[in-house]
Structures are given as structure tokens and as C-alpha cells.
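Take a look at the structure set out below.
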Amino acid sequence: GQNIDQPTEMTATEGAIVQINCTYQTSGFNGLFWYQQHAGEAPTFLSYNVLDGLEEKGRFSSFLSRSKGYSYLLLKELQMKDSASYLCAVRPIGQNFVFGPGTRLSVLP
Amino acid sequence: EAQVTQNPRYLITVTGKKLTVTCSQNMNHEYMSWYRQDPGLGLRQIYYSMNVEVTDKGDVPEGYKVSRKEKRNFPLILESPSPNQTSLYFCASIPGPADTGELFFGEGSRLTVL
């Protein structure tokens, strides 16, 4: 089966850096995704990792270690608009997406 | 514009009154899926479809039905809604089941069953 863990809530200050961790156990692996979701809205795609290492995209970076079943999303130069939930999702081989419970990030002034 | 469209966006109904939430995508995607999202539980898959006339149960299919008569449409049917089906529902699609790209989500449908 699949299991994904993320912290439930995090708080950070505007302008700071925050790291949101995700651990997973899955049979087979076809990629790890991060989505951002503002309250009441649809998730929007942030990043995709299939190989180990760091993927950087502007203020957001995502890291993956397949051997450890671990990923993190790094948000730099935090802005108030970054207050949202961040969803970690894995795509086991030949199967559907499995989502973690999400981490609610609050950015304070 | 490439999009996934759901209707209705908001609905309040009563127990037992059949309802359908429509989902349509204009990207010619083969794979479509329905999720429900509840506080603390994240997104849970209800049903998915690999292609026309091919549907399968996800993790929480009880109380729901789907159909896939055409590629672009994947309606979610609640034959006899109950209060525990009060939730935020999302339809999503990707080009094909083997595609490694991200899910495209609809805007969501917030359903309240009284």
C-alpha cells in the first residue's frame, strides 16, 4: 500500500525560508508531485521529481531521495500570498496519484 | 483555453435526493478521476476512468457512481446522498494513464447534504 506523511501545520515569517517535508512508503515509484492549494480552490501544480536531487523553479525548490522515501519543498523569500496548503503526492507505477494530508502554511507579517 | 470544468460549483441538497456533478475537459485526455477532500484527510480518490467505457473504483467509492460514455465527460452521480457525503469534490484529468505529467484539476464543487 501507500502512505504519505506531512506536518499538519507550519508558520513562518514574510521574507523567510521554509521547508515542508514529506515522507512516503509506496510499492514502485513513478514520480513525486507538489501542489499548492489556497482555501476553497483547486490544487495547482508546483513541481515534479522523478530522479534524486533538487529541482529549482524560481522561489520554489523540491528535493527527492528515493532511497529514503523523502522529499521536501523549499519556499524562499516568503510572501503573504504563499499562505496555503501544500500537498505532496506520489504516483506509484501503473497506479493513480496518492495524496498526503497536506501542510497548511501560514505566513505572518 | 485548456481546462477542466465542473458544475455545479456549489450545491445544498437534502438526504436522498439524487444529484449529478458534471465534469468536462477539453484537452482530449484519456484519464479522468474524481476526488473528495475533507479536513485532515486530504484528497481521496472516488472513481477513475482510463478511457471511454472504462471505469474503476478508487479508495472511497461507496455511495457514488460514474459513467464515461464520451472522452470529454465524466459525471459523478450520487443516487441517494447522505450527510457524510458533504465535501469538496474535484475532478481531474491527465493525457493518459501512463503519462507522467501532473493532474489538471477542475475548480471544485462544494456539496452540502442536509
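Side chains are part of it too, since the values below use all heavy atoms of this structure and drop only hydrogens, waters and symmetry mates. Proteins get letters first, then strands, A, B, ... in listed order; numbering begins at 1 in each.
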Considering all heavy atoms, the nearest F45(A)-E102(B) contact | CD1-CB, 3.2 Å

Side chains of F97(A) and S33(B): closer than 4.5 Å at any heavy-atom pair?
-> no

Residues P43(A) and F105(B): closest non-hydrogen pair is O-CD1, 3.7 Å

4.5 Å side-chain heavy-atom contact, Q37(A) and F90(B) = yes

For G40(B) against P101(A), the heavy-atom pair lying closest together | O-CB, 4.1 Å

More than 12 heavy atoms of other groups within 6.0 Å of Q19(A) CD | yes

Go through the atoms of E107(B) and report whether side chain, backbone, both or neither lie under 4.5 Å from a heavy atom of chain A.
-> backbone

Shortest non-hydrogen contact from G106(B) toward A42(A) = O-CB, 3.0 Å

Answer yes or no: is there a side-chain heavy-atom contact under 4.5 Å between L43(B) and Y35(A)?
-> no

CZ (R44(B)) with more than 12 external heavy atoms under 6.0 Å | yes

Count the heavy atoms belonging to other residues, nucleotides or ligands that lie under 6.0 Å from CD1 of I12(B), then report whether that count exceeds 12.
-> no

Treating Ile, Leu, Val, Met, Phe, Trp and Tyr as nodes and any side-chain heavy-atom pair under 4.5 angstrom as an edge, say whether L74(A) and L78(A) lie in one connected cluster.
-> no

Indicate, with yes or no, if L64(A) and V18(A) share a hydrophobic cluster defined by side-chain heavy-atom contacts under 4.5 Å among Ile, Leu, Val, Met, Phe, Trp and Tyr.
-> yes

Proximity breakdown for R110(B) and chain A, heavy-atom pairs closer than 4.5 Å | side chain

Are W34(B) and Y10(B) in one and the same hydrophobic cluster, where Ile, Leu, Val, Met, Phe, Trp and Tyr link if side-chain heavy atoms are under 4.5 Å apart?
-> no

Do the side chains of I20(A) and V98(A) join up, straight or via other hydrophobic residues, at under 4.5 Å, putting them in one cluster?
-> yes

Interchain contact, Y35(B) with chain A, by part (heavy-atom threshold 4.5 Å) = side chain

